[in-house]
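Accompanying notes for the structure given below.
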Amino acid sequence: MSSHESDRNIEFSSDFVTDFASGVHERTLAFFSQQQPRWLDHPEREEFLRLARLYLGEGKALRALCVNIGAYITGAAPFGQDPVAQALGMATEIYQASALVHDDVIDAAGTRRGHASLHAEAAASYGARTGEHMAILVGDFLLSLNHLATAHATLGLAPEVAARVHSYMATMTAEVAWGQYLDILTEHAPLADPDALEEEVKTVIALKSGHYSAMRPLALGALVNEPADSLVVKKLEEVGRYWGIAFQMRDDALGMFGDEEQTGKPTGNDVLEGKRTVLIALALQRANAAEREIIETTLGRADATAQEVARVRRICQTTGATRVHEAMIRRYTEKGAQIARTLKLDGPREHALLELGRILTQRAS
């Protein structure tokens, strides 16, 4: 990018975002290839590393995008050219790989991004139970690499800056574990009170996915340039909290109605897994007795047929739940944008921040 990049709006086209993700993946794979500790010298090393690489070098790199925008709007470097933000963005993507490995085990997901999930890949050679165990341990290895990547990213920073970045990254990873724990419990939540279910689901998705998909990475990038108690960081956390919830709600909508070729995972799988989502809560609020019975008897049944899942999808549409869900996504997106505008950023930086909100909440995969 030119030295005048910060003087004009960046056009966040799909090609631009794809190119940005490609750069993140290139750095991530390069970092991964450099991690060859002596204790890995064993005949099983290459297979272990092959499994660990399965979820690296792919995906939209949205968390890295958040980190780099957080650094850009609070610093002097042109977008994407702050080396610390680049390295921290890479660290968040390594953590994302760790979280997805564990998430796929919990959800018993057979595919991820169009290929076999890690535990399913391992199960083909060693059996289902051993495959799950292997995936858990590979996920832990990737979490450790996130800590290592964070350490590399902060080497040249002042001690107090490095400390706040490390602390914030640790908070993010711990918060996801807590949110995932609550998410597991929510799968057993009763469906009799849809209003209470909606509020509980919003709390859980903010912790499990929303915060680490938007709020934490955005603030993490800003912390390179700003103290943790600065007004800018606090406002970015508010912005990211709204956009993070909208991000997960979009994910839930794609899980119910998305194109499998674009999402890389089976449509309707959340129904089979029994996931309580805002969309399901909205459908239950608006369904008649017969429709509620269909939802309640289908949700969480791994043996439910494609026709039964399709009936749940139709109820979401015919009751108006899908329309209300979309309106809620727009409302959360706009709330975040309203707060973003109060930061009074210069034109290019405000444009970049608002474009981030659009990318997070209006995606098709």
Side-chain angles (χ1 to χ4, degrees), residues 6 20 24 27-28 31 61-96 98-99 143 145-179 206-207 209-245 247 336 339-346 348-350 352-357 359-360:
S6 61
F20 173 83
V24 173
R27 287 189 292 273
T28 302
F31 177 82
L62 294 179
R63 288 152 192 85
L65 181 63
C66 289
V67 172
N68 278 267
I69 287 181
Y72 169 57
I73 65 176
T74 57
F79 171 79
Q81 293 191 23
D82 184 318
V84 178
Q86 285 183 339
L88 285 174
M90 178 191 71
T92 63
E93 292 304 314
I94 293 173
Y95 173 65
Q96 163 73 345
S98 167
L143 176 58
L145 286 188
N146 160 264
H147 297 314
L148 185 60
T150 304
H152 278 248
T154 57
L155 278 176
L157 299 180
E160 64 274 13
V161 179
R164 74 188 182 219
V165 168
H166 273 281
S167 177
Y168 205 81
M169 183 73 84
T171 296
M172 182 181 78
T173 60
E175 186 176 53
V176 173
W178 169 233
L207 291 169
S209 178
H211 284 188
Y212 106 99
S213 296
M215 184 187 89
R216 297 295 184 192
L218 186 58
L220 186 69
L223 287 172
V224 175
N225 303 306
E226 293 278 340
D229 60 354
S230 77
L231 181 62
V232 174
V233 172
K234 296 300 182 187
K235 283 197 173 186
L236 286 179
E237 286 182 327
E238 290 183 59
V239 171
R241 187 174 294 111
Y242 282 119
W243 287 351
I245 294 173
F247 174 92
I339 297 168
R341 294 185 186 100
T342 68
L343 287 167
K344 304 297 183 183
L345 301 170
D346 65 31
R349 285 173 171 78
E350 180 175 280
L353 183 56
L354 294 177
E355 277 293 282
L356 175 64
I359 290 166
L360 289 171

Practice item. Apply the test side chain to side chain contact (heavy atoms under 4.5 Å, CB included) to residues W243 and I359: give CA-CA distance (whole Å), side-chain angles for both, the deciding distance (0.1 Å), then the verdict. Key: CA-CA 10 Å; W243 287 351; I359 290 166; over 6 Å; no
**Study point:** Validation row, ring centre F247 to ring centre Y242 under 6.0 Å
**Key:** no
**Study point:** Polar side-chain atom of R349 near backbone of Y72 as donor-acceptor pair, under 3.5 Å
**Key:** yes
Exercise for review: Ignoring hydrogens and angles, tell me if any N or O in the side chain of D82 forms a donor-acceptor pair with the backbone of A77 under 3.5 Å.
Suggested key: no
Exercise for review: Evaluate side chain to side chain contact (heavy atoms under 4.5 Å, CB included) for V24 paired with Q86, printing each intermediate quantity in order.
Suggested key: CA-CA 8 Å; V24 173; Q86 285 183 339; over 6 Å; no
Practice item. With rounding to the nearest 0.5 Å, note down the distance linking CG in L356 to SG in C66. Key: 4.5 Å
Point to revise | Sidechain-backbone polar pair: R241 side chain, A214 backbone, donor-acceptor under 3.5 Å | key: no
Check your understanding: Does T173 reach the main-chain N or O of A170 with its side chain, forming a donor-acceptor pair under 3.5 Å?
Key -> yes
Study note, to complete from the structure: Rounding to 0.5 Å, atoms CG (L353) and NZ (K235) come to a distance of 12.0 Å
**Study point:** Backbone of G336 reached by a side-chain donor or acceptor of E238 within 3.5 Å
**Key:** no
Practice item. Begin from the C-alpha positions of R341 and E350 and carry the test salt bridge (Lys or Arg N to Asp or Glu O under 4.0 Å) through to its verdict. Key: CA-CA 7 Å; R341 294 185 186 100; E350 180 175 280; 5.1 Å; no
**Study point:** Pair T154-H166, side chain to side chain donor-acceptor pair (under 3.5 Å): steps then yes or no
**Key:** CA-CA 8 Å; T154 57; H166 273 281; 3.0 Å; yes
Check your understanding: So, for A219 and E237, which heavy atoms are closest and what is the spacing to 0.1 Å?
Key -> CB-CG, 3.9 Å
Check your understanding: When you measure from the side chain of S230 to the backbone N and O of V233, does any donor-acceptor pair fall under 3.5 Å?
Key -> yes
Review point. Do the non-hydrogen side-chain atoms of E175 and Y212 ever get within less than 4.5 Å of each other?
Key: no
Practice item. Supply the atom-to-atom distance N146 CG to T92 OG1, rounded to the nearest 0.5 angstrom. Key: 8.0 Å
Exercise for review: To the nearest 0.5 Å, tell me how far L223 CG sits from S167 OG.
Suggested key: 9.0 Å
Check your understanding: Step by step, would you call R216 with T171 a side chain to side chain donor-acceptor pair (under 3.5 Å)?
Key -> CA-CA 9 Å; R216 297 295 184 192; T171 296; over 6 Å; no
